[in-house]
Amino acid sequence: MAKSVSQDAISTILANPSPDSSSYIPEIVVQVLDLKLTGNRYTFNASDGKMKLRAIFPSNMSSEIITGSVQNKGLVRILDYTLNDIPNKSEKYLIVTKCEVVSPALETEIKAEVETEEHDTVLKKPKLEYEARYEAKADVSGIILKPKQEIVSKSAAQIVHEQRTNMAPSSRMAMTRRVHPLVSLNPYQGNWMIKVRLTSKGNMRTYKNARGEGCVFNVELTDEDGTQIQATMFNEAARKFYEKFQLGKVYYISRGTLKVANKQFKTVQNDYEMTLNENSVVEEASNEETFIPETKFNFVPIDQLGPYVNGRELVDIIGVVQSVNPVSNIKRRIDNENIPKRDLIVADETKKTVVVSLWNELANNVGQELFDNADKSPIVAIKSLKVGDFQGVSLSTLGKSSVMINPDIPEAKKLRSWYDSEGKGSSMASIGLGLSPSSKTGARSMYTDRVSLMHITSNPSLGDEKVLLCRLKYAMIVVF
DNA sequence: CCCCCCCC
């Protein structure tokens, strides 16, 4: 058999994102390029000479890679796979679930067109650190050039070894020590390291109770499998890690402790929660490829907020900012403490508006930015909002809420183009004050009273007196 | 060890 790639292999994969036994898929042989160890997985570029696709090998392939049968610039036949979306990103990546080795390393990267001119350019590209070192040693005189072939025919295991030994000690540590999946952690096993994305960050707050006082903040961590865990830091640890932890970034974490999570306060699906103390190790995994999902939003359209009123479940919303109030200070009843608050009105494609109250630092920081740019109708995406019943439906931030202005996500682009083309010219009604026939669930609050009104007014068995009473109540709410 | 999330 000819040792080459299948024609249009990448197009075939893209056209069949999740093949099953009934799909007919022609043979897919690709060249493995840029094979490297990322965390605990091997990743590579699958190439058919024309197109490339980021890909990941299954963990059970690792031994074959280490023994050298799968090589960089070698050929593999992909027997089964799924094509996965990276949320909020346009590119796809290929998860190889079954494959076999066709050929060890070829001399060159396969290109569909013969590119003699370009070949020189390729050689002049900035070299990877290991390549530069390799050549520098061989080429002491500056005359004898090391054949490129010797570099390309190195097995993945060699490359990985060289990558490790040439790296900064901290990253080498991260590569060498096994990354544990979050599901494998428990309170009884201490020596682990995880690689996680920070998918939620609470604000720092102080507390005072019978057991003492201090400061605390919580984060939510997500790993490559999508498993989540909440981690808590107190006092010294809270101060040490508060700035270091940034929403959306990826970290290696070790030396934390696990305990059984309190069901009552659980915000993620995990039997355990993590505590990090001042001796825990948190290291950012910067400039590294990773397949950990990005922070995921579950946007609820404004006209669908009804069922969430006064519920425990939090919502994410995305909308166009219609207006922003100045900050006001609210005196908390229980202890007379002043808390900054700023209200804004947002609208979305359902042509409904809702009032969102930003509290504490969100009112001051991101709130001020919104205030200053209110005339530009920015898009806001807000994660983890509580849905209250003030004026029917109201939204409020919590400590763990986050506000993103003009986020680079498809939903924001869609909303922007809708608003610019037709939204800004159309009339919008407040979800709180308007009747919303689509939302009939929920059992209390003024909002539900008005839903009941609709049922009653459309029920012929009721007397005029009751209908009038309900109409009166509705009228009063509107007047308010 | 927190677990509150405020006001009209």
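Just so we're on the same page: letters track the sequence lines, and every chain starts at 1.
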Value in whole Å for how far the P atom of dC2(B) lies from CG of Asn277(A): 16 Å
Starting from the C-alpha separation in whole Å, work towards a yes-or-no answer on salt bridge (charged side-chain N to carboxylate O under 4.0 Å, His left out) for Lys240(A) and Glu278(A). CA-CA 7 Å; Lys240(A) 181 173 176 183; Glu278(A) 59 274 24; over 6 Å; no
Rounded distance in Å - CE (Met233(A)) to P (dC3(B)): 15 Å
Answer with base, sugar-phosphate or nothing: what part of the nucleic acid does Asn218(A) contact at a heavy-atom distance below 4.0 Å? base
With no angle test and no hydrogens, is the base of dC2(B) tied to the side chain of Glu213(A) by a donor-acceptor pair under 3.5 Å? no
Ignoring hydrogens and angles, are the base of dC3(B) and the side chain of Gln230(A) linked by a donor-acceptor pair under 3.5 Å? no
Heavy atoms under 4.0 Å, any strand shown: does Gly399(A) hit a base, just sugar-phosphate, or nothing? base
Starting at NZ of Lys341(A) and ending at P of dC4(B), how long is that distance when rounded to a whole Å? 22 Å
Given dC2(B), dC5(B), dC7(B), the nucleotide with the shortest approach to the side chain of Arg205(A): dC2(B)
Report the distance from atom CZ of Phe265(A) to atom P of dC5(B), rounded to the nearest whole Å. 11 Å
Lys400(A) NZ/CZ over Phe217(A) ring centroid, <6.0 Å and within 45° of normal: no
Using heavy atoms to find the nearest nucleotide of DNA chain B for Asp343(A) and Gly212(A) separately, return the residue whose nucleotide is more 5′. Gly212(A)
Has Gln189(A) got more than 12 heavy atoms of other residues, nucleotides or ligands less than 6.0 Å from its CD? yes
Just N and O in the side chain of Asn262(A): are any of them under 4.0 Å from OP1 or OP2 of dC2(B)? no
For dC3(B), does either OP1 or OP2 sit under 4.0 Å from a side-chain N or O belonging to Lys263(A)? no
Mind checking Asp335(A) for me? I need base, sugar-phosphate or nothing, with any heavy atom below 4.0 Å counting as a touch. nothing
Separation of Leu314(A) atom CG from dC4(B) atom P, in whole Å? 14 Å
CE of Met274(A) versus P of dC2(B): gap in Å, rounded? 19 Å
Can you tell me how far C1' of dC2(B) sits from CZ of Phe234(A), to the nearest Å? 5 Å
Out of dC6(B), dC3(B), dC2(B), whichever nucleotide has its closest atom nearest the side chain of Ile339(A): dC6(B)
So is the aromatic ring of Phe390(A) stacked onto the base of dC7(B), judging by whether the centres are under 5.5 Å apart and the planes are under 30° apart? no
Under 4.0 Å, heavy atoms only, any strand: does Lys386(A) hit a base, just the sugar-phosphate, or nothing? sugar-phosphate
Pair Thr353(A)-Val346(A), side-chain contact (heavy atoms from CB on, under 4.5 Å): steps then yes or no: CA-CA 5 Å; Thr353(A) 65; Val346(A) 301; over 6 Å; no
Between dC5(B), dC8(B), dC2(B), spot the one nearest the side chain of Arg211(A), thanks. dC2(B)
If the threshold is 4.0 Å, N to carboxylate O, is there a salt bridge linking Arg416(A) and Asp420(A)? yes
Apply side-chain contact (heavy atoms from CB on, under 4.5 Å) to residues Val250(A) and Val196(A) and explain how you reach the verdict. CA-CA 5 Å; Val250(A) 176; Val196(A) 286; over 6 Å; no
Once you round it to whole Å, what is the distance between P of dC7(B) and CZ of Arg342(A)? 20 Å
